[in-house]
Colleague: 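Have a look at this one before I ask anything.
In what follows, chains carry the letters A, B, and so on, assigned in the order in which the sequence lines appear, proteins first and then strands, with residues in each chain numbered from 1.
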Protein chains: 2
Amino acid sequence: MDVRTLCLAVLTKGDATGYEINKMFEEGPFAHFQNASFGSIYPALSRLLAEGLVEARIHDQDGRPGKKVYSITAAGNAVVDAALTITPEPDMFRSDFLFLVYFASRLSEERLTDLIDRRIELYRRKQDHIVEQMAAREANQCSGDPGREFVAGFGIAIYKAAADYLESNRASLLATTRGAHARAPEAAE
Amino acid sequence: MDVRTLCLAVLTKGDATGYEINKMFEEGPFAHFQNASFGSIYPALSRLLAEGLVEARIHDQDGRPGKKVYSITAAGNAVVDAALTITPEPDMFRSDFLFLVYFASRLSEERLTDLIDRRIELYRRKQDHIVEQMAAREANQCSGDPGREFVAGFGIAIYKAAADYLESNRASLLATTRGAHARAPEAAE
DNA sequence: TAATGCATGTAATCGGTTACATGATTCA
DNA sequence: TGAATCATGTAACCGATTACATGCATTA
């Protein structure tokens, strides 16, 4: 999904500034399955404004530079609906962590254990993060959005499965690589 | 991981042509957590050749255009070892499927069920694919590579968790969205 | 006072995707 | 005969990342 559509999608859930949209992709509900950063968000918003898919009001603040609050227009909503008709590609998953572990036999035992332990912690943190967000929403009595809850649950399930797998198979990987660690590869030719 | 390093990494496991390397990223062991395509593989190999990190032999074939079989050099192996010292970033996961499901309330019930059912099938197929590859390796008595087995197991665990989650929560999502489907969003202003 | 958070934007670069271009063989 | 597989490459385009540039307010 391109950043342009992503910004529009965020704005269907409520008005926001570019800064706030960025936060959505860093910590918010989209953080775990989409991405966008300042360098792409601001140009995207300018373009959307020029195309009439969003509107902007300047919100002056005491002293601080005034922020631009964007709202989606009816035309913008139509573009989102059109985007929702696509046939989704298979998910894209990229992991440099798995790349490293694939070469476990070329890694020292300490490095391998460190790598895996850190990753377990990372997955647990991500899982907790989603759980906390869900709890916060419930506490605030935010209208339960079924799509959002479903996606959050998916994230929890995946992070849990990942952490559990690493935890359960860590010892056996270490055992089978023991003795073969950091073995210098035979130089080609 | 850039395509250059990825090609080098594939070649540590044995000689290959550009065409074969491409297949590794389409169907092979790297398919599930890294990506590369013709348009990036061939330029990468040319560059690696110029830098002396790989060597190429022309394998003439009966009639067919001769294929270039690449092998990694000692210098190339050193570059791979250097690449294995990086601190891996968090995994990158992007899913247009989840993006669509996030907006479940804007989708028709038929579309939502179709989307989820197809995705369950996709995850099951991917899971089976890895299982088959592992079985094939065992049948061929390929030297069990602990890193490869561990990564394959990780893939199976994740795909299974994803499919199971969808299967278990499909009905409840459908129930909570029922009646709220394809409700026209209030046009902004 | 130093760091962090709020707030917006531009520009260069870069890597990769997509499409194009070619051509032989094998299988249905 | 047509499709699929094997096989290698180039070029245009595009989107996104990275770094740069600025400046005030708050908090430690």
Colleague: If the condition is side chain to side chain contact (heavy atoms under 4.5 Å, CB included), which residues does A/Thr12 pass it with, not counting sequence neighbours?
Modeller: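 Counting only residues at least two positions away or on another chain, A/Thr12 forms a side chain to side chain contact (heavy atoms under 4.5 Å, CB included) with A/Ile72, A/Asn77, A/Val80, B/Phe103, B/Arg106.
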Colleague: Residues in side chain to side chain contact (heavy atoms under 4.5 Å, CB included) with B/Ala31, at least two apart?
Modeller: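 Testing B/Ala31 for side chain to side chain contact (heavy atoms under 4.5 Å, CB included), a comparison that skips the adjacent residues, returns none.
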Colleague: With sequence neighbours excluded, what pairs up with B/Ala157 under the side chain to side chain contact (heavy atoms under 4.5 Å, CB included) test?
Modeller: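 A/Tyr165.
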Colleague: What is the distance, to the nearest angstrom, from the CZ atom on B/Arg57 to the P atom on D/dT8?
Modeller: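 Going from CZ in B/Arg57 over to P in D/dT8 covers 13 Å.
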Colleague: Return the value, rounded to whole Å, for the distance between atom NZ of A/Lys67 and atom P of C/dC6.
Modeller: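 Rounded to the whole Å, the gap is 10 Å.
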Colleague: By the salt bridge (Lys or Arg N to Asp or Glu O under 4.0 Å) test, which pairs, at least two apart or in different chains, include something from residues 142-161 of chain A?
Modeller: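 For residues 142-161 of chain A, and leaving out neighbouring residues, the salt bridge (Lys or Arg N to Asp or Glu O under 4.0 Å) pairs sorted by first residue read A/Lys13-A/Asp145, A/Arg137-A/Glu149, A/Lys160-A/Asp164.
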Colleague: How sharply is the helix from C/dT1-D/dA28 to C/dA28-D/dT1 bent, taking the axes over five pairs at either end and rounding to 10 degrees?
Modeller: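 The end-segment axes of the helix from C/dT1-D/dA28 to C/dA28-D/dT1 are tilted 50° relative to each other.
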Colleague: Would you mind listing every salt bridge (Lys or Arg N to Asp or Glu O under 4.0 Å) that reaches into residues 14-23 of chain B, with sequence neighbours excluded?
Modeller: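 Pairs touching residues 14-23 of chain B that pass the test: B/Asp15-B/Arg57.
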Colleague: Excluding sequence neighbours, so at least two apart, what forms ring-ring contact (aromatic ring centres under 6.0 Å, His included) with B/Phe97?
Modeller: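 B/Phe97 satisfies ring-ring contact (aromatic ring centres under 6.0 Å, His included) with no residue once adjacent residues are dropped.
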Colleague: Heavy-atom distance under 4.5 Å between the side chains of B/Leu100 and A/Ile86, does that happen here?
Modeller: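 Result yes, sub-4.5 Å side-chain heavy-atom pair found.
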Colleague: Quick one: B/Ile41 CD1 to D/dA7 C1', roughly how many Å, whole number?
Modeller: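 From B/Ile41 CD1 to D/dA7 C1': 13 Å.
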Colleague: Using atom CG of A/Leu49 as one end and atom C1' of C/dT8 as the other, report the distance to the nearest whole Å.
Modeller: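 Computing the A/Leu49:CG to C/dT8:C1' distance gives 14 Å.
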Colleague: Applying salt bridge (Lys or Arg N to Asp or Glu O under 4.0 Å) as the test, list every pair that has at least one member in residues 33-54 of chain B; sequence neighbours left out.
Modeller: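 The answer is B/Arg4-B/Glu51, B/Arg47-B/Glu51.
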Colleague: Below 4.0 angstrom, which residues in residues 5-28 of chain B have at least one non-hydrogen atom near DNA chain C?
Modeller: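 Close to the strand, none.
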Colleague: Kindly list each side-chain donor-acceptor pair under 3.5 angstrom involving residues 127-136 of chain A, sequence neighbours excluded, with atom names and distances?
Modeller:
from	atom 1	to	atom 2	distance (Å)
A/Gln127	OE1	A/Arg124	NH1	3.4
A/Gln133	NE2	A/Glu27	O	2.6

Colleague: Return the set of residues passing side chain to side chain contact (heavy atoms under 4.5 Å, CB included) with B/Arg118 (not counting sequence neighbours), or none when no residue passes.
Modeller: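 By the side chain to side chain contact (heavy atoms under 4.5 Å, CB included) rule, B/Arg118 matches B/Asp114.
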Colleague: When you compare the protein's N or O atoms with those of nucleotides 15-19 of chain C, which come within less than 3.5 Å of each other, and at what distance?
Modeller:
from	atom 1	to	atom 2	distance (Å)
C/dG16	OP1	B/Val3	N	3.3
C/dT17	OP2	B/Ser37	OG	3.0

